[in-house]
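Along the sequence shown, residues are numbered consecutively beginning with 1. None of the values given here were measured: they were computed from a predicted structure. Worth knowing before you read on, the calculation uses all heavy atoms, side chains too, and leaves out hydrogens, waters and symmetry mates.
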Amino acid sequence: MPAARESLLDAAYTALARRPWPAVRMVDVAASAGVSRQTLYNEFGSKEGLARALVRREADAYLAGVDRALSGAAAPGGFTGTTSPAGGTGGAGPGLTGGAGSAGPGLTGGFTGSTGPAASTHPTASTHLAGATSLTGPTASLSPPGPVDPRDRLTAAAEWTTETARSNALVRAMLTGCWSERLPTPSLTRVPSSSAVPAQRRADGPLPSPTDFVALVRDRAVNALAGPRAGAGAEGPDLAELARACELTIRIALSCIAAPPAEGSVADLVRDALHTLLSGPSRTAAARSPR
């Protein structure tokens, strides 16, 4: 029942924006979605299953936004939030805003201290979390035309990351590993699942850790910017430099989530860092060139 499942996830998200997860009641979520409590349990199995599905949906929506940014579908700063019933990823309204020091009835101000995902160079995270690009949660609208320069596309991905973390406390917690007591805290490891619902079996699988997100975003960026060169295990100094630039971008974005810079300087930080990496010859090629 995809429609009922989405309605239940929206209802759970809205409930979480109004009260801490331990105070969210399954009967209230079902009533808000206009379905029976049995339907809720048939879909998710338990409150823990509902929490895992909600976290998975927000992770998918965040990664789908990264893909849009890397595709050149929007220029840096070109993402604008939608107003879905849940107020989810990129959403306006009663969403799970995670900005420090804000006030209100939702999950605002839930992260007032510093929050502080090391990634290896192997692709295990992307393989381990296969299928993470499916978009089942709230989306972001786009402002054409999109950027062509790889630095602009990486900058757009960094801005999407920081803006989404600012507006969505679940995404912020997933990216930083710092979970407020207001939020559900599902185990990131696979849990036993006997669900007959394919979407729930996926939610019961491993959830991405901060380190996984670094690898997932880096690998998506390399594939988007390198095109066919990134396939079939291709290697070389150019791809190595590109992978380094892509990982640096996501790490800069994550540092800006933990310690927000002045307004607008996320893009400046990324562009400055990428200027040498993506505009000149690779260090390896330079080392081989005659002096």
- Backbone of Ile257 reached by a side-chain donor or acceptor of Arg166 within 3.5 Å: no
- Query: Can Arg202 and Asp60 be said to form a side-chain contact (heavy atoms from CB on, under 4.5 Å), step by step?
  - Reply: CA-CA 12 Å; Arg202 180 169 178 264; Asp60 287 347; 2.8 Å; yes
- Task: Tell me, please, which residues at least two apart from Ala224 pass side chain to side chain contact (heavy atoms under 4.5 Å, CB included).
- Result: Leu70, Arg153
- Message: Show the nearest heavy-atom pair for residues Ala273 and Leu248, with the distance to one decimal.
- Response: CB-CD2, 3.8 Å
- Message: Are Leu216 and Leu188 linked, directly or through intermediate hydrophobic residues, by side-chain heavy-atom contacts shorter than 4.5 Å (ILVMFWY only)?
- Response: yes
- Task: Return yes if some donor-acceptor pair links the side-chain N/O of Arg52 with the main-chain N/O of Gly205 below 3.5 Å, else return no.
- Result: yes
- Message: Is the shortest side-chain heavy-atom distance between Arg56 and Pro208 below 4.5 Å?
- Response: yes
- Item | Any residue meeting side-chain hydrogen bond (donor to acceptor under 3.5 Å, both in side chains) with Ser194, in chain and number order, not counting sequence neighbours | none
- side-chain hydrogen bond (donor to acceptor under 3.5 Å, both in side chains) evaluation trace for Thr211 with Ser209: CA-CA 5 Å; Thr211 299; Ser209 68; 4.5 Å; no
- Message: To the closest 0.5 Å, what do you measure between CG (Leu274) and OG1 (Thr155)?
- Response: 6.0 Å
- What is the minimum heavy-atom distance between Ala165 and Arg172, and which atoms define it? O-CB, 3.4 Å
- Item | Residues forming a side chain to side chain contact (heavy atoms under 4.5 Å, CB included) with Pro184, sequence neighbours excluded | Leu16, Trp21, Ala51, Leu170, Pro186
- Report the residues that fulfil salt bridge (charged side-chain N to carboxylate O under 4.0 Å, His left out) with Arg25, sequence neighbours left out, ordered by chain and then residue number. Asp28
- Shared hydrophobic cluster, Leu254 / Val217 (ILVMFWY, side-chain heavy atoms < 4.5 Å): yes
- Item | Partners meeting side-chain hydrogen bond (donor to acceptor under 3.5 Å, both in side chains) with Ser46 (sequence neighbours left out) | none
- Message: The criterion is side-chain hydrogen bond (donor to acceptor under 3.5 Å, both in side chains); which residues satisfy it with Glu181, sequence neighbours excluded?
- Response: none
- Task: Drop me the distance from Glu58's CD to Leu63's CG, to the nearest 0.5 angstrom.
- Result: 11.5 Å
- What is the minimum heavy-atom distance between Lys47 and Val24, and which atoms define it? NZ-O, 2.7 Å
- Query: Can you name the side chain to side chain contact (heavy atoms under 4.5 Å, CB included) partners of Ser32, sequence neighbours left out?
  - Reply: Ala11
- Which atom pair, heavy atoms only, marks the closest approach of Val29 to Ala12? CG1-N, 4.0 Å
- Taking atom types as modelled, is there a side-chain donor on Asn42 or Thr39 under 3.5 Å from an acceptor on the other? no
- Task: Check whether Leu9 and Val197 end up in the same hydrophobic cluster, where Ile, Leu, Val, Met, Phe, Trp and Tyr are linked by side-chain heavy atoms less than 4.5 Å apart.
- Result: no
- What are the two closest non-hydrogen atoms of Thr249 and Ala158, and how far apart are they? CG2-CB, 3.9 Å
- Step-by-step side-chain contact (heavy atoms from CB on, under 4.5 Å) determination, Arg271 to Asp268: CA-CA 5 Å; Arg271 290 193 184 99; Asp268 294 336; 4.2 Å; yes
- Side chain proximity check, Asn168 to Tyr13, heavy atoms < 4.5 angstrom: yes
- Are Leu8 and Met26 connected in a single hydrophobic cluster, I mean Ile/Leu/Val/Met/Phe/Trp/Tyr linked by side-chain heavy atoms less than 4.5 Å apart? yes
- Message: Checking side chain to side chain contact (heavy atoms under 4.5 Å, CB included) between Ile252 and each of Leu154, Leu269, Thr162, which is the one that passes?
- Response: Leu269
- Query: Is there a side-chain contact between Leu242 and Cys246, using heavy atoms and a 4.5 Å cut-off?
  - Reply: yes
- Counterpart residues, side-chain hydrogen bond (donor to acceptor under 3.5 Å, both in side chains), relative to Thr161 (two or more places apart): Tyr62
- Message: Counting only heavy atoms from other residues, nucleotides and ligands, does the tally under 6.0 Å from CZ of Arg201 exceed 12?
- Response: yes
- OG of Ser7 to CG of Leu40, rounded to nearest 0.5 Å, is 12.0 Å
- Check side chain to side chain contact (heavy atoms under 4.5 Å, CB included) between Ala31 and all other residues, then give those that pass, not counting sequence neighbours. none
- Query: Given the rule in the side-chain contact (heavy atoms from CB on, under 4.5 Å) test, do Glu43 and Val35 qualify, once you have shown the distances and angles that lead to the verdict?
  - Reply: CA-CA 11 Å; Glu43 279 292 325; Val35 301; over 6 Å; no
- Item | Val222 to Ala243 - nearest heavy-atom pair and separation | CG2-CA, 3.6 Å
- Assess the side chains of Ser195 and Ser193: does a donor N or O sit below 3.5 Å from an acceptor N or O? no
- Message: Would you say Leu239 ends up clustered with Leu225 if hydrophobic residues are merged whenever their side chains have heavy atoms under 4.5 Å apart, either directly or through other cluster members?
- Response: yes
- Query: Is the shortest side-chain N to carboxylate O distance from Asp10 to Arg57 below 4.0 Å?
  - Reply: yes
- Note on the structure: So CZ of Arg220 and CD1 of Ile250: to nearest 0.5 Å the spacing works out to 11.0 Å
